[in-house]
A.B. asks: 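Quick one: this structure, given as structure tokens, is what I'll be asking you about.
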Amino acid sequence: MQDYGGYGGYGGYGQPPSGDYGHTAPLPPMPPPPPPPRRRVGLLSYLAVALVAGALGAGSVVALYHPAANSSAAPSAPPSAPAPLPSSAVPVPSNGGTGTSGGSLSKVEQGVVIINTTLQYSSERAAGTGMVINAASGLVLTNNHVIENSTKITATVAATGQKFQAKVVGYDVTGDVALIQLQHPSGLHQVPLGDSSKVKVGDAVTALGNAEGQSAIVPAPGHITGVNRTITASDQGGSVQSETLHGMLQTDAGIVSGDSGGPLVNAAGQVIGMDTAGNDVRSDQQQAAGFAIPINTALSVAREIAAGHGSSTISIGYPPFIGIYVGQGASSDPQQQAAAQQQQNNGFGGFGGNGFGGNGSAGNGSGSQSCYSNDSNLPVPSAIAPVSSGTLVIGTICNSPAADAGVAAGSVITSVNGQAVGAPESLHTQIAKYRPGDTVSVTWVTPSGQHKTASVTFTAGPPL
């Protein structure tokens with residue numbers, strides 16, 4: 001989940017705003033945590049909400065897959081992506097797939113779903129919103145940050161209470177657009193769609209969404225206060241470290257956490273945008289601001305996803321999963337990665353010995369675990385492989401491909417299929433070339449200095 005930063009540079013657009021991502025909000029049936037912290041005046045945030053089930057591993061990064069709590073084994077692999085859909089599967093603006101551009105707020109509400117996700121490997125659950133854009137096929141449009149790192153997705157039709165399991169069709173991380181498909185769809189209604197190219201400053205709009213993750217769709221009236229805005233985001237909890245979104249619609253509607261992926265509706269009852277970011281105002285001198293991806297832009301991306309057209313920005317289906325946590329930093333030196341990780345951990349009270357407890361398997365007598373099911377008790381390894389370059393493994397996920405191959409905390413991965421690996425990002429880059437089911441040769445050095453090589457077959461991981 002993510003936060004956008006201050007937007008003081010908007011005037012002549014100047015520097016795009018920058019900031020950080022997401023905040024917590026309670027989701028039943030878990031006991032409610034304290035209210036989400038108030039953000040600094042002027043910050044923009046992604047509008048999904050997250051509930052930390054244990055100690056969130058804020059300092060760790062799950063390489064090639066983020067991890068559900070209370071399980072000693074990795075979950076079964078998510079289903080593979082569906083076959084490419086016909087071009088008509090995703091409607092065009094001002095059509096909505098019904099042959100008419102007419103709509104109403106009540107019609108839009110019939111097509112809005114509440115999305116709940118489980119993020120097993122980071123001990124979280126999260127909530128957002130989505131819009132049905134093809135009732136017969138069960139296609140739902142939402143933000144990528146609503147479903148990123150999810151190991152399970154459910155969608156509940158707000159108007160009827162119907163609940164569906166969902167799988168990921170594809171996503172665009174840089175554009176923050178995702179397309180999911182409800183399983184065995186029935187009784188669905190798609191939202192009426194407008195044409196975002198016709199939106200003007202001053203137009204009356206209403207934002208709809210799962211406000212604060214409370215499982216209810218709440219309308220927030222307002223007006224368009226800007227078009228073609230550019231905003232930059234940085235990530236505290238998700239996989240994306242930073243991203244810039246262009247061409248955004250700006251509104252003074254009261255958009256809040258949980259609204260991500262929900263519709264921004266014009267006065268004619270047509271969806272003209274997808275709620276994506278908003279600020280938290282504590283000053284009478286500051287105006288509320290929300291941002292939405294224009295519906296034309298979102299549908300264009302969804303159309304490419306539905307057709308199975310992957311690209312440098314669009315991912316189809318689920319990514320490959322090896323099942324390790326890696327350290328922080330851009331250094332190729334494992335010791336530097338460990339130091340950066342430890343510094344990050346210290347900023348959040350650390351992982352080990354903080355009273356939260358982990359969900360790993362048998363310990364080794366030194367306080368660390370041989371594998372982990374989430375990152376709630378994940379210390380930096382005390383023993384690190386004696387090599388000068390490679391990606392340090394902070395921990396392995398139980399029953400993952402890496403764990404099955406014998407990779408353990410403190411190991412350093414030095415190559416994949418003969419290609420040298422250095423900083424953690426280089427390992428991400430190597431793995432991203434492959435698909436679930438592919439088998440590669442992985443070489444690593446153990447904490448005791450042994451050099452090992454094994455064949456590893458990637459499984460399917462959660463969307464990044």
Side-chain angles (χ1 to χ4, degrees), residues 1-22 39 42-48 93 128-131 141-146 148 171-178 193-209 220 222-235 238 240 242-266 270-281 286-302 313-314:
M1 312 314 111
Q2 295 124 330
D3 270 25
Y4 288 122
Y7 55 98
Y10 267 111
Y13 297 120
Q15 286 295 110
S18 60
D20 45 36
Y21 295 125
R39 292 178 287 271
L43 287 189
L44 305 177
S45 65
Y46 269 163
L47 303 169
T129 313
M131 299 176 278
L141 183 69
T142 189
N143 287 124
N144 174 68
H145 72 264
V146 170
E148 72 168 334
Y171 51 95
D172 180 347
V173 173
T174 59
D176 200 16
V177 174
L193 300 173
D195 184 351
S196 56
S197 69
K198 298 178 180 178
V199 174
K200 303 184 300 296
V201 172
D203 287 352
V205 292
T206 300
L208 298 174
H223 294 83
I224 295 294
T225 56
V227 297
N228 199 31
R229 297 302 203 194
T230 297
I231 54 179
T232 299
S234 61
D235 189 359
V240 181
S242 66
E243 64 188 16
T244 300
L245 300 178
H246 302 277
M248 302 287 283
L249 300 176
Q250 183 176 344
T251 176
D252 59 5
I255 296 177
V256 298
S257 295
D259 287 343
S260 277
L264 186 65
V265 186
N266 64 15
Q270 302 164 334
V271 177
I272 47 88
M274 180 165 63
D275 304 335
T276 300
N279 71 350
D280 183 9
V281 176
Q286 187 178 15
Q287 185 181 29
F291 292 86
I293 298 172
I295 196 62
N296 294 24
T297 301
L299 290 175
S300 177
V301 174
T313 59
I314 293 176

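No experiment lies behind these values; they were computed from the predicted model shown.
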A.B. asks: Determine whether L299 and P93 make a side-chain contact, defined as any pair of heavy atoms from C-beta on separated by less than 4.5 Å.
C.D. replies: yes
A.B. asks: Looking only at heavy atoms, which two atoms of P263 and V271 are closest? And how far apart?
C.D. replies: CB-CG2, 3.7 Å
A.B. asks: At their closest point, which heavy atom of L249 faces which heavy atom of V227, and how far apart are they?
C.D. replies: CD2-CG1, 4.0 Å
A.B. asks: Which of these, T313, I314, T142, V301, sits in a side-chain contact (heavy atoms from CB on, under 4.5 Å) with V177?
C.D. replies: V301
A.B. asks: Which heavy atom of L141 sits nearest to which heavy atom of A302, and what is that distance?
C.D. replies: CD1-CB, 4.0 Å
A.B. asks: For a quick test of reading the model, state the closest non-hydrogen atom pair linking A220 to A253 and the distance between them.
C.D. replies: O-CB, 3.4 Å
A.B. asks: Kindly indicate, with the supporting measurements, whether the criterion side-chain hydrogen bond (donor to acceptor under 3.5 Å, both in side chains) is fulfilled by S196 and N296.
C.D. replies: CA-CA 6 Å; S196 56; N296 294 24; 2.9 Å; yes
A.B. asks: Minimum heavy-atom separation for I255 and A277, please, with both atom names.
C.D. replies: CG2-O, 4.3 Å
A.B. asks: Hey, is the main chain of H223 close enough, under 3.5 Å, to the side chain of T251 for a donor-acceptor pair?
C.D. replies: yes
A.B. asks: Going from CG on N228 to NE2 on H246, what distance comes out if it is rounded to the nearest 0.5 angstrom?
C.D. replies: 10.0 Å
A.B. asks: Are any side-chain N or O atoms of S260 and backbone N or O atoms of G128, one a donor and one an acceptor, separated by less than 3.5 Å?
C.D. replies: no
A.B. asks: Within this structure, what is the CG-OG1 distance for the pair N143 and T129, rounded to the nearest 0.5 Å?
C.D. replies: 9.0 Å
A.B. asks: Flag the pair M248 / I293 as yes when at least one side-chain heavy-atom distance between them is below 4.5 Å, and no otherwise.
C.D. replies: yes
A.B. asks: Run the side chain to side chain contact (heavy atoms under 4.5 Å, CB included) test against D203 and tell me which residues pass, sequence neighbours left out.
C.D. replies: V199, K200, I224
A.B. asks: Of the non-hydrogen atoms in M131 and G273, which two are nearest, and what is the gap between them?
C.D. replies: CE-O, 4.4 Å
A.B. asks: Rounded to the nearest 0.5 Å, what separates atom CD1 in I272 from atom CD1 in I295?
C.D. replies: 8.5 Å
A.B. asks: Could you tell me whether a side-chain N or O of D176 sits under 3.5 Å from a main-chain N or O of N144, the two making a donor and an acceptor?
C.D. replies: yes
A.B. asks: Check whether any side-chain N or O of T174 sits under 3.5 Å from a backbone N or O of D172 as a donor-acceptor pair, and report yes or no.
C.D. replies: no
A.B. asks: To the nearest 0.5 Å, how far apart are OG1 in T276 and NE2 in H145?
C.D. replies: 6.5 Å
A.B. asks: Look at the side chain of D195 and the backbone N and O of S197, then say whether any donor-acceptor pair between them is shorter than 3.5 Å.
C.D. replies: yes
